[in-house]
Amino acid sequence: YAARGPDGLFYPWGNDWQPDYLVWPGNANAQPAQVGSRPNGASWVAGQDMAGNVWEWVSTLYDGFVYPYAADGREGITDLTSQRVMRGSSYYDASDYYAYASNRARAAANLAGVAVGFRCVRPY
């Protein structure tokens with residue numbers, strides 16, 4: 001929701017592909033960039049790098065193609081063996097498809113790498 005907003009946008013910044021609004025292979029020089037280096041790509045709540053730069057872990061356990069997500073128990077933080085959801089794409093994903101705000105990937109909970117990060121959030 002932080003990326004798509006109440007209007008269900010395709011990308012955090014709107015519905016049109018803007019390659020200069022995110023860190024991706026077309027401008028990344030094969031490496032991630034400093035957070036916020038593409039301010040025009042901010043989401044409706046001013047979230048930076050919600051598309052591109054590095055994938056972001058979320059607490060959701062991957063459960064097939066059940067989407068859109070609704071709190072239903074897939075938030076179990078004690079399950080360390082099931083695959084987790086990642087969102088946001090990264091600097092090596094060479095297509096506008098990966099940058100869609102609704103896009104998600106999955107990986108083992110112990111995956112680590114230079115193209116994977118996380119986002120700290122807090123409730124209002």
Side-chain angles (χ1 to χ4, degrees):
Y1 186 74
R4 297 187 77 187
D7 297 328
L9 301 172
F10 287 135
Y11 305 102
W13 56 83
N15 289 322
D16 297 320
W17 172 240
Q18 301 289 339
D20 292 332
Y21 285 14
L22 75 159
V23 179
W24 75 299
N27 62 18
N29 198 27
Q31 61 189 0
Q34 184 173 339
V35 172
S37 64
R38 304 292 191 276
N40 288 334
S43 76
W44 70 289
V45 292
Q48 296 289 327
D49 298 312
M50 298 195 90
N53 213 10
V54 297
W55 284 98
E56 297 169 347
W57 285 113
V58 297
S59 63
T60 311
L61 296 172
Y62 183 79
D63 185 21
F65 295 99
V66 177
Y67 188 85
Y69 173 77
D72 62 4
R74 288 182 279 157
E75 307 79 25
I77 60 172
T78 58
D79 183 342
L80 302 177
T81 58
S82 297
Q83 291 186 323
R84 295 274 175 181
V85 173
M86 298 185 304
R87 301 196 76 118
S89 71
S90 79
Y91 67 91
Y92 69 81
D93 296 308
S95 166
D96 62 331
Y97 165 80
Y98 292 104
Y100 286 151
S102 62
N103 189 36
R104 62 195 178 125
R106 67 177 186 228
N110 64 352
L111 174 74
V114 296
V116 179
F118 63 94
R119 179 176 300 271
C120 296
V121 296
R122 67 181 177 113
Y124 287 102

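The model shown is predicted, which means the values in this text are computed figures rather than measured ones. When a residue number appears, it is its place in the shown sequence, counting from 1.
For residues 8-25, every residue pair satisfying the side chain to side chain donor-acceptor pair (under 3.5 Å) rule, not counting sequence neighbours, is listed here: Y11-D96.
Residues passing the side chain to side chain donor-acceptor pair (under 3.5 Å) test with S95, sequence neighbours excluded: none. Residues satisfying the side chain to side chain contact (heavy atoms under 4.5 Å, CB included) test with V58, not counting sequence neighbours, are T60, V85, R87. Scored by the side chain to side chain contact (heavy atoms under 4.5 Å, CB included) test, V54 finds P32 as partners (sequence neighbours excluded). Listed by chain and residue number, W57, M86, L111 satisfy the side chain to side chain contact (heavy atoms under 4.5 Å, CB included) test with A107 (two or more places apart in sequence, or in another chain).
Counting only distance, with no hydrogens or angles, the side chain of N53 and the backbone of A33 share a donor-acceptor pair below 3.5 Å.
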Anything under 3.5 Å between a donor and an acceptor, one on a side chain of residues 44-51, the other on a protein residue two or more places apart or in another chain? List them.
from	atom 1	to	atom 2	distance (Å)
W44	NE1	Y1	O	3.1
W44	NE1	A2	O	3.3
D49	OD2	G36	N	2.8

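Other residues, nucleotides and ligands contribute only 12 or fewer heavy atoms inside 6.0 Å of the CZ atom of F10. Around atom CD of Q34, no more than 12 heavy atoms belonging to other residues, nucleotides or ligands sit under 6.0 Å away.
Under the 4.5 Å side-chain heavy-atom criterion for grouping Ile, Leu, Val, Met, Phe, Trp and Tyr, V35 is not connected to V116 through any hydrophobic cluster.
Scanning all heavy atoms of the two residues, the minimum distance from A3 to A101 falls at CB-CB, 3.9 Å. Contact detail for A99 and P12: the closest heavy-atom pair is O-CD, 4.2 Å.
Summarising the geometry, atom OG belonging to S89 is positioned 12.0 Å from atom OH belonging to Y100; distances are rounded to the nearest 0.5 Å. To the nearest 0.5 Å, the span separating CH2 on W55 from CZ on R104 amounts to 10.5 Å. The distance from atom CD of Q83 to atom CG of L61, rounded to the nearest 0.5 Å, is 10.0 Å.
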